[in-house]
Number of protein chains: 2
Amino acid sequence: MKKPETRIQKKNRAAILSAGLDVFSQFGFRGATLDQIAEAAGLSKPNLLYYFPSKEEIHQQLLTSLLSTWLDPLRKMNDSGDPIEEILGYAKRKLALSRDFPRESRLFANEILQGAPRLGDSMPALNALVDKKATVINGWAKAGRIAAIDPYHLLFLIWAQTQHYADFDVQVRAVLGRDDPFPEAATFMEHMLRRTLAP
Amino acid sequence: MKKPETRIQKKNRAAILSAGLDVFSQFGFRGATLDQIAEAAGLSKPNLLYYFPSKEEIHQQLLTSLLSTWLDPLRKMNDSGDPIEEILGYAKRKLALSRDFPRESRLFANEILQGAPRLGDSMPALNALVDKKATVINGWAKAGRIAAIDPYHLLFLIWAQTQHYADFDVQVRAVLGRDDPFPEAATFMEHMLRRTLAP
DNA sequence: TTATGTTTTGACCATCCGGTCAAAGCTACG
DNA sequence: CGTAGCTTTGACCGGATGGTCAAAACATAA
């Protein structure tokens with residue numbers, strides 16, 4: 001019994017979510033205001049609340065749709081491919097996410113910084129996937145196909161480095177004094193990972 | 001003509017700064033409230049404002065004292081020491097900061113995520129130090145004493161990885177399902193850096 | 001055109017927020 | 001002890017904030 005969305009609904013809901021992403025990713029949940037989001041979406045505040053019942057609902061929806069995007073690169077890591085190329089491919093896909101979806105990256109960072117209070121439900125799923133892939137990587141290490149390393153800290157390394165280019169964007173650009181650090185970042189990451197992983 | 005601080009002043013100012021660090025590092029500047037800070041410090045809100053003229057002032061003072069602590073490990077990197085050991089030493093000191101001052105790390109992360117609006121004045125100093133050390137590292141690379149790598153991205157790598165263990169603490173602990181990831185993190189980082197830097 | 005459902009808005013509300021102030025309480029020292 | 005200066009607080013203020021509501025404006029299709 002779901003009613004189909006009208007064109008106007010589709011457009012406005014999308015505008016609100018995009019505006020919410022802008023504001024939440026910069027100021028966090030508590031620091032963001034509905035007026036800010038409404039203005040960024042080009043709507044009045046009551047109109048915004050006609051499409052979403054509450055501030056929390058907007059945030060929740062953003063977080064939910066974020067998570068599947070975010071875990072996708074890890075899911076795509078092929079357990080039976082070449083270990084080093086698979087890990088490298090994963091890292092590159094993750095870096096591409098940072099380049100193409102920096103707001104989503106910052107939203108995630110903000111949520112974790114605040115102790116992930118609105119992510120509690122999804123954490124088990126994340127955990128399961130990570131454990132599964134860590135086991136695979138551990139198998140590669142045990143088989144001598146990559147260096148003997150802790151798979152969890154390897155994943156942390158990739159997460160940390162890729163998130164950094166999105167979340168600390170301001171600092172990165174200030175230090176480099178120029179735009180688009182991503183091409184070099186990819187090169188650097190490949191160098192680092194190949195050497196770290198070599199058996 | 002500075003008046004000396006009484007014991008009470010010293011104690012309360014410290015309590016306020018510590019409470020402010022707790023709250024600001026979790027919720028960011030806008031998300032933090034004076035009532036929250038006052039309660040965490042065990043004071044009433046007007047009493048808090050007797051010691052600090054405004055919310056902004058507390059935040060500013062925290063940021064300022066953070067920055068010198070934060071850059072210290074990089075400053076201590078010895079230009080004429082053994083390249084690999086110097087870089088490794090720097091990374092380890094930085095990781096120790098994440099372990100011992102996670103709230104400061106998160107405060108910094110929050111500030112950068114929001115676009116560093118209250119860090120503008122200090123950015124040039126940071127930049128100067130980073131440029132200087134990057135030149136040194138670049139010299140080591142050019143001389144073949146370490147691998148040929150981009151010094152800036154090497155610094156980003158160290159920052160990203162060390163910050164991660166403090167800022168994403170919740171996620172790290174959730175994934176590992178246990179406390180204190182730091183000993184293994186140090187081991188992993190050393191493995192990774194030695195291989196990445198080897199000429 | 002008219003009737004029906006959708007979308008937008010101005011006015012409003014209770015609560016929270018950063019901050020003020022005058023008065024009360026307390027401490028240290030002569 | 002007394003008192004001068006330091007500390008604490010309750011009451012309060014103007015503005016922001018999340019959210020409501022009824023009515024107006026608009027779109028759509030018979």
Side-chain angles (χ1 to χ4, degrees), chain A residues 1-64 107 110-111 114 117-118, chain B residues 1-64 107 110-111 114 117-118:
Chain A
M1 274 291 181
K2 345 180 160 173
K3 299 212 172 145
E5 267 191 338
T6 69
R7 245 168 298 123
I8 294 179
Q9 280 171 351
K10 200 174 264 188
K11 191 191 67 174
N12 282 345
R13 263 191 247 274
I16 290 167
L17 286 174
S18 174
L21 191 51
D22 276 342
V23 179
F24 282 131
S25 67
Q26 205 184 341
F27 298 107
F29 181 77
R30 298 213 26 195
T33 75
L34 285 181
D35 297 86
Q36 254 178 310
I37 299 173
E39 193 189 340
L43 299 171
S44 66
K45 187 169 60 170
N47 199 9
L48 190 156
L49 287 161
Y50 169 73
Y51 289 102
F52 288 86
S54 70
K55 183 184 176 183
E56 196 130 5
E57 194 61 33
I58 303 174
H59 189 257
Q60 195 60 54
Q61 194 141 328
L62 285 169
L63 265 191
T64 308
L107 182 74
N110 255 307
E111 182 64 13
Q114 282 164 39
R118 301 152 212 282
Chain B
M1 276 294 179
K2 341 179 163 173
K3 298 209 174 149
E5 266 190 339
T6 68
R7 244 169 300 126
I8 293 178
Q9 280 171 352
K10 200 173 264 186
K11 192 191 68 175
N12 282 345
R13 263 190 248 273
I16 291 167
L17 287 174
S18 175
L21 191 51
D22 276 342
V23 178
F24 283 131
S25 67
Q26 203 183 342
F27 299 107
F29 182 76
R30 296 215 28 194
T33 75
L34 284 182
D35 297 85
Q36 253 179 310
I37 299 173
E39 194 188 338
L43 298 172
S44 66
K45 187 169 59 169
N47 199 10
L48 190 156
L49 287 161
Y50 169 72
Y51 289 102
F52 288 86
S54 70
K55 182 185 177 183
E56 196 130 5
E57 194 62 32
I58 303 174
H59 190 257
Q60 195 60 54
Q61 194 142 329
L62 285 168
L63 266 191
T64 307
L107 182 74
N110 253 306
E111 182 64 13
Q114 284 165 37
R118 299 151 214 285

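Letters A, B, ... mirror the listed sequences (proteins, then strands); counts begin at 1. Model, not experiment: these values are computed from the prediction.
- Side-chain nitrogen and oxygen atoms of A:S44 include none within less than 4.0 Å of the OP1 or OP2 phosphate oxygen of C:dT8.
- In this structure, CG of B:L49 is placed 18 Å from P of D:dA11, rounded to the nearest angstrom.
- Closest to the side chain of B:P46, out of D:dC21, D:dG19, C:dC21, is C:dC21.
- Looking at B:K45, its side chain comes within 3.5 Å of the base of C:dG18 through a donor and an acceptor atom.
- One interatomic measurement links the two molecules: CD of A:E39 to C1' of D:dG18, which rounds to 17 Å at whole-angstrom precision.
- Taking the side chain of B:Y51 as heavy atoms from C-beta on, and the options D:dG19, C:dC17, D:dT7, the nearest nucleotide is D:dT7.
- Looking at heavy-atom distances under 4.0 Å, A:A38 makes no contact with the nucleic acid at all.
- Atom pair B:H59:NE2 and C:dG19:P shows a separation of 13 Å (rounding to whole Å applied).
- Taking side-chain N and O atoms only, A:N12 has no distance below 4.0 Å to OP1 or OP2 of C:dT6.
- Nucleic acid contact class of B:L34 (heavy atoms, under 4.0 Å, all strands): sugar-phosphate only.
- Across the protein-nucleic acid pair, B:Q36 atom CD and C:dC17 atom P stand 8 Å apart, rounded to whole Å.
- Residue A:Q60 places its CD atom among more than 12 non-hydrogen atoms of other residues, nucleotides or ligands, all under 6.0 Å distant.
- The side chain of A:N47 places no N or O atom within less than 4.0 Å of a non-bridging phosphate oxygen (OP1 or OP2) of C:dT7.
- In this model, the phosphate group of D:dC6 is not approached by any side-chain N or O of B:Q9 to a distance below 4.0 Å at OP1 or OP2.
- When atom types are taken as modelled, the side chain of B:E57 and the backbone of B:S54 share no donor-acceptor pair closer than 3.5 angstrom.
- In this structure, A:Y50 does not reach the D:dG19 phosphate: none of its side-chain N or O atoms is under 4.0 Å from OP1 or OP2.
- The aromatic rings of A:H59 and A:F24 lie perpendicular to each other, with more than 60° between the two planes, well past the 30° mark.
- A close approach under 4.0 Å does not occur between any side-chain nitrogen or oxygen of B:R30 and OP1 or OP2 of D:dA16.
- In this model, no donor atom of one side chain and acceptor atom of the other lie less than 3.5 Å apart for A:R13 and A:Q61.
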